[in-house]
Amino acid sequence: MAKAVEAKNGSKVEMGEAYYCPECKRTHTKGKIYKDHFKYAQLEETGEEMNEDAYDDETELMEAFNELEEKENILEDEENIDKIEPQIDQGIDNDEEDDEISKNNCVNAVKKLPGVGEATLNKLIKAGFNSLESIAYTPPSIIKEESGLGDKTTEKLIKASMEQLGIGFKSADAIWEHRKNIARVTTGSQELDDVLGGGVETGSVIEFFGEFRTGKTQIMHQLCVNVQLPKEKGGLEARALYIDTEGTFRPERIIQMSEGLDLDYKNVLKNIVFGRAYNSDHQILLIKEATNIIKEKNIKLIVIDSLIGHFRSEYIGRGTLASRQQTINTHLHDLLRLCDIYPDLSVVVTNQVSAKPDVFYGNPLTATGGNIVAHGSTIRVYLRKGKGEQRIAKVVDAPHLPEAEAVFSITENGISD
Ligand code: ADP
Ligand code: MG
């Protein structure tokens, strides 16, 4: 048992943090290790079928959350004492009323589609299809499955939504007009921004991949802070959604980074919507749920750190490769669709490089997840270590950017040149 706990990179696992247990081949969350591990170990010994109900996921989840919350509260109390009032107006509209209005506008547009009565509307909204875009860009099979609507209705709704949104052939200059208006979030490093064409762009899925400690998680934290900045400072005056699959989100780092930018860290923390994904199904579900809150909460950045981790630990062995790739593929398309539905949203994901090339894909510098991830994300950035706090980022695969390298550093105040 103790062996299993230490197995993850030989380092200690913190409370609430997830780790992969090679003994029972599951991801555990520290907090209830012994209980759930023994359940699985016992089942394995007696050769009984795995009964998912026996796995007390719910309690474990609650405990981990409570712990995290406690940690955050302690931090806030400690730092609360004589904190100077915010210097910079962050420009984020915290007005709940406005959120409500923009949500209602979307729903009203759906309501006005031909053939949408009260019952259909309810089904659509329940399944998260609360805007014309969400209907127009989702494959009919998914709409049918999730809303329970029939073939004909679904087809009609998609067609009507597409017509209203003017989706069809466009001239390239219309696309150029659109691309000229793409917004970007600064990474904190001028050099890194430059090789990305001015920062992390909206309307795309951007993947940062690299080995352990190359700064993937640090960049994710920094982007969540920077997206909140006023436009002239490289932000989008919007909130971030952080999906943490590895238990490595640290509010402490957000506080340090906020202070580096003279921001009131309490506001910055409030403007990050956080979701801990405990397994791959949960991760997929969180992204589906995100669709409902993006507009309402003015979210313009979604972070998934890391994209493939859970899939890797849950689908073990060559035999599961096909179904794993299938699930990852669907998940990635959910992400790409979010970018279609919300063109001013940027989705940024991290990916590990496989340490055991023989187990996954030939080249040790290939990100895990294989070709599916490579083709699903629009911009890919490979990270590696330089001297000391320096890191090197290389844009390896972008439809419009040259392959170029940037050197940046990770400091106490975050990402910089
Ligand atoms: P990964 O690519 O595995 O996600 P991280 O983003 O967690 O890597 O980067 C870890 C690195 O970030 C550490 O090795 C350290 O160099 C740097 N780092 C983390 N916290 C701080 C800090 N408070 N001050 C300076 N550097 C830090
Ligand atoms: Mg990390």
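Quick caveat, the model's predicted, so the values are computed rather than measured. Order of listing sets the numbers, starting from 1, for every ligand and every atom in it.
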(request) Looking only at protein heavy atoms, identify the closest one to atom 4 (O) of ligand 1 and say how far it is in Å. (result) Thr217 OG1, 2.7 Å

(message) Looking at Asp334 and Arg337, is there a salt bridge between them, counting it only when a charged N and a carboxylate O are closer than 4.0 Å?
(response) yes

(message) Evaluate Gly215 for polar contact with ligand 1, using N/O atom pairs at a separation under 3.5 Å.
(response) yes

(request) Go through the side-chain N and O atoms of Thr186 and Asn226 and say whether any donor and acceptor fall under 3.5 Å apart. (result) no

(message) Can you report which non-hydrogen protein atom sits closest to atom 18 (N) of ligand 1, along with the distance?
(response) Ile410 CG2, 3.9 Å

(request) Specify the protein heavy atom at minimum distance from atom 3 (O) of ligand 1: its residue, its atom name, and the distance to 0.1 Å. (result) Arg213 N, 2.7 Å

(request) To the nearest 0.5 angstrom, please state how far the CG atom of Leu132 sits from the CG atom of Leu157. (result) 10.0 Å

(message) Less than 3.5 Å apart, any donor N or O on the side chain of Glu314 or Ser280 sitting next to an acceptor on the other?
(response) yes

(message) Show the atoms of ligand 1 that are less than 4.0 angstrom away from any heavy atom in Gln256.
(response) 23 (N)

(message) I'd like to check which ligand 1 atoms, numbered from 1 as shown, lie under 4.0 Å from a non-hydrogen atom of Thr214.
(response) 1 (P), 2 (O), 8 (O)

(request) Answer yes or no for Thr217: is there an N/O/S atom below the 2.8 Å cut-off from the Mg ion (ligand 2)? (result) yes

(message) Nearest 0.5 angstrom please: Glu289 CD to Leu241 CG, how far?
(response) 10.5 Å

(request) List every atom of ligand 1 that sits less than 4.0 Å from any heavy atom of Phe212, numbering the atoms from 1 in the order shown and giving each element. (result) 3 (O)

(request) Would you please indicate if the ring centroids of Tyr278 and His310 are separated by under 6.0 Å? (result) no

(request) Measure Thr411 to ligand 1 on non-hydrogen atoms and call it side chain, backbone, both or neither using the 4.0 Å cut-off. (result) backbone

(request) Indicate the atoms forming the closest heavy-atom contact of Ser409 with Asp417, along with that distance. (result) OG-O, 2.9 Å

(request) Check whether the side chains of Asp173 and Ser171 place a donor and an acceptor atom closer than 3.5 Å, and report yes or no. (result) yes

(message) Give me the residue, atom name and distance of the protein heavy atom closest to atom 23 (N) of ligand 1.
(response) Arg253 NH1, 3.0 Å

(message) Quick test of your reading of the structure: of Glu412, Lys216, Gln218, Glu211, whose heavy atom lies closest to atom 12 (O) of ligand 1?
(response) Gln218

(request) Closest by any non-hydrogen atom to atom 16 (O) of ligand 1: pick that one out of Arg391, Met257, His221, Glu389. (result) Arg391

